[in-house]
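Below, all heavy atoms of this structure are taken into account, side chains as well, without hydrogens, waters or symmetry copies.
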Amino acid sequence: MSDLMVDFIISLDGYASADGWPGLWGMEVPEYLAWLDGDSASDCMTLMGATTYRLMKGFAAEMPDDPVFLGLTARPKAVFSSTLQTPLTWANTELFRGDAADTVRELKRRDSRPLRTLGSVGLCRSLLRAGVVDRFRVVVFPVITGATGKERIFDEYPDVALDLVESRTFDGRLQLLEYVPTVLDGPPGTGH
């Protein structure tokens, strides 16, 4: 049985991206990039929604020799969408319709490969709410993008208790925080 990890990079104020800022907020720090190259993501199945699929498929087509996109193209990918049509043109991609949480439960039962999300804020929110997320990891970039930030990660999330299981600082700047999440019915101590 496999585990599902929701994996985000965020600004300190919780945004996934910001208008006018380069990727990784311009902080391609060597230690973090080396960690990404050695991360076990290459052995996993990547889960994403339609918007992330379109975006990443486009990047992969524009930069076919980039090692990141070569790896992502080679990796098995599951896309959850009611708008995309088969056949999907990005190699190693399977389209799933219907309830994402039910599909993830089945993927976890039938495959030993870890499952990891890529972007896909709404998909991640629904999977966490359904209780199928085993790990929740964020890498916090030391910027505040209050004026230009896009895609607030945690809006509309349920209440969640997080038990820290790993932390790390990259190049004295970026903070990795990995948690085991527990979805709550309400704030602790309220009897919910």
Asks: Any link between Val138 and Val165 through a network of hydrophobic side chains (Ile, Leu, Val, Met, Phe, Trp, Tyr) touching at under 4.5 Å?
Replies: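 Per the 4.5 Å side-chain linkage, Val138 and Val165 are not co-clustered.
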Asks: Does NZ or CZ of Arg152 come closer than 6.0 Å to the centre of the six-membered ring of Tyr15, within 45° of the ring's axis?
Replies: yes
Asks: Measuring only between side-chain heavy atoms, which start at C-beta, is Thr46 closer than 4.5 Å to Leu72?
Replies: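 Yes; the side chains approach each other to less than 4.5 Å.
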Asks: Quick check: do Leu176 and Ser167 have side-chain heavy atoms less than 4.5 Å from each other?
Replies: no
Asks: Evaluate the ring planes of Phe136 and Tyr157, with Trp represented by its six-membered ring, and classify them as parallel (under 30°), tilted (30 to 60°) or perpendicular (over 60°).
Replies: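 Ring orientation, 0 to 90° scale: perpendicular.
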Asks: Using the side chain to side chain contact (heavy atoms under 4.5 Å, CB included) definition, which of the options Asp7, Ile9, Val6 pairs with Arg137?
Replies: Asp7
Asks: Looking only at heavy atoms, which two atoms of Leu88 and Glu94 are closest? And how far apart?
Replies: CD1-C, 4.3 Å
Asks: With a cut-off of 6.0 Å (strictly less than), are more than 12 heavy atoms of other residues, nucleotides or ligands near CZ of Arg173?
Replies: no
Asks: Considering all heavy atoms of both residues, which atom of Leu115 and which atom of Leu47 are nearest to each other, and what is their separation?
Replies: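 Where Leu115 meets Leu47 most closely, the heavy atoms are CB-CD1, 4.2 Å.
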Asks: Could you tell me whether the side chains of Ser11 and Trp25 share a donor-acceptor contact shorter than 3.5 Å?
Replies: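 The answer is no; no qualifying pair exists.
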Asks: Rounded to the nearest 0.5 Å, how far does CD1 of Ile10 lie from OG1 of Thr145?
Replies: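 Rounded to the nearest 0.5 Å, the OG1-CD1 separation comes to 10.0 Å.
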Asks: Determine whether Glu31 and Arg168 satisfy the following criterion, side-chain contact (heavy atoms from CB on, under 4.5 Å), listing intermediate values before the conclusion.
Replies: CA-CA 11 Å; Glu31 189 179 354; Arg168 179 173 177 179; 3.3 Å; yes
Asks: For the atom pair CG (Asp163) and OH (Tyr179), what is the distance rounded to the nearest 0.5 Å?
Replies: 10.0 Å
Asks: What do the steps show when you test Arg129 against Glu156 for salt bridge (charged side-chain N to carboxylate O under 4.0 Å, His left out), and what is the final call?
Replies: CA-CA 10 Å; Arg129 191 176 281 133; Glu156 300 177 39; 5.8 Å; no
Asks: Do Phe96 and Phe80 have their ring centres less than 6.0 Å from each other?
Replies: yes
Asks: Determine, stepwise, if the pair Leu107 / Thr103 fulfils side-chain contact (heavy atoms from CB on, under 4.5 Å).
Replies: CA-CA 6 Å; Leu107 288 171; Thr103 302; 4.2 Å; yes
Asks: When clusters are formed by joining ILVMFWY residues with side-chain heavy atoms under 4.5 Å apart, either directly or through shared neighbours, do Phe154 and Leu127 land in the same one?
Replies: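 Looking at the clustering, Leu127 is in the same group as Phe154.
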Asks: Can you hop from Leu184 to Leu164 via hydrophobic side chains spaced under 4.5 Å?
Replies: no
Asks: State yes or no: do Val160 and Val104 share one hydrophobic cluster built from I, L, V, M, F, W and Y residues joined by side-chain heavy-atom distances below 4.5 Å, directly or via other members?
Replies: yes
Asks: My understanding is that only one of Thr117, Val121, Val140, Val139 makes a side chain to side chain contact (heavy atoms under 4.5 Å, CB included) with Phe8; could you say which?
Replies: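 Output: one option passes, namely Val121.
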Asks: Going through the distances and angles, do Ser120 and Thr51 end up as a side-chain contact (heavy atoms from CB on, under 4.5 Å)?
Replies: CA-CA 7 Å; Ser120 308; Thr51 301; over 6 Å; no
Asks: Any side-chain heavy-atom pair from Val79 and Arg97 closer than 4.5 angstrom?
Replies: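 The answer is no; the side chains never approach within 4.5 Å.
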Asks: Do Ser126 side-chain atoms and Leu123 backbone N/O form a donor-acceptor pair below 3.5 Å?
Replies: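 Present.
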Asks: Looking at every non-hydrogen atom in both residues, tell me the closest pair between Thr93 and Lys77 and how far apart they are.
Replies: OG1-CE, 3.0 Å
Asks: Would you compute the distance between atom CG of Asp13 and atom CZ of Phe141 and round it to the nearest 0.5 angstrom?
Replies: 13.5 Å
Asks: Contact between Tyr53 and Leu118 at the side-chain level, heavy atoms closer than 4.5 Å - yes or no?
Replies: no
Asks: Any side-chain heavy atom of Lys150 sitting closer than 4.5 Å to one from Ser17?
Replies: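 The answer is yes; the side chains approach within 4.5 Å.
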Asks: Please report the closest heavy-atom contact between Lys108 and Asp3, naming both atoms and the distance.
Replies: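 Answer, listing the atom of Lys108 first, then Asp3: CE-CA, 4.4 Å.
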Asks: Verify side-chain contact (heavy atoms from CB on, under 4.5 Å) between Glu178 and Met5, making sure each step is shown before the conclusion.
Replies: CA-CA 9 Å; Glu178 186 173 323; Met5 179 183 295; 3.5 Å; yes
Asks: Going by atom types only, do Ser2 and Ser112 share a side-chain donor-acceptor pair under 3.5 Å?
Replies: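 Side chains of Ser2 and Ser112: no pair found under 3.5 Å.
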Asks: Identify the two heavy atoms, one from Ala74 and one from Asn92, that lie closest to each other, and give their separation to 0.1 Å.
Replies: O-ND2, 3.2 Å
Asks: Answer yes or no: is there a side-chain heavy-atom contact under 4.5 Å between Asp102 and Arg105?
Replies: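 They are in side-chain contact.
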Asks: Is there a donor-acceptor contact under 3.5 Å linking the side chains of Thr73 and Trp90?
Replies: yes
Asks: Considering non-hydrogen atoms only, spot the tightest contact between Asp171 and Pro30 and give its length.
Replies: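 For Asp171 and Pro30, the tightest heavy-atom pair comes out as OD2-N, 3.6 Å.
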Asks: For the atom pair SG (Cys124) and CE (Met48), what is the distance rounded to the nearest 0.5 Å?
Replies: 11.0 Å
Asks: Indicate if Met63 and Leu70 have the same hydrophobic cluster label, given that clusters are the connected sets of ILVMFWY residues with side-chain heavy-atom separations under 4.5 angstrom.
Replies: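 Cluster IDs for Met63 and Leu70 differ.
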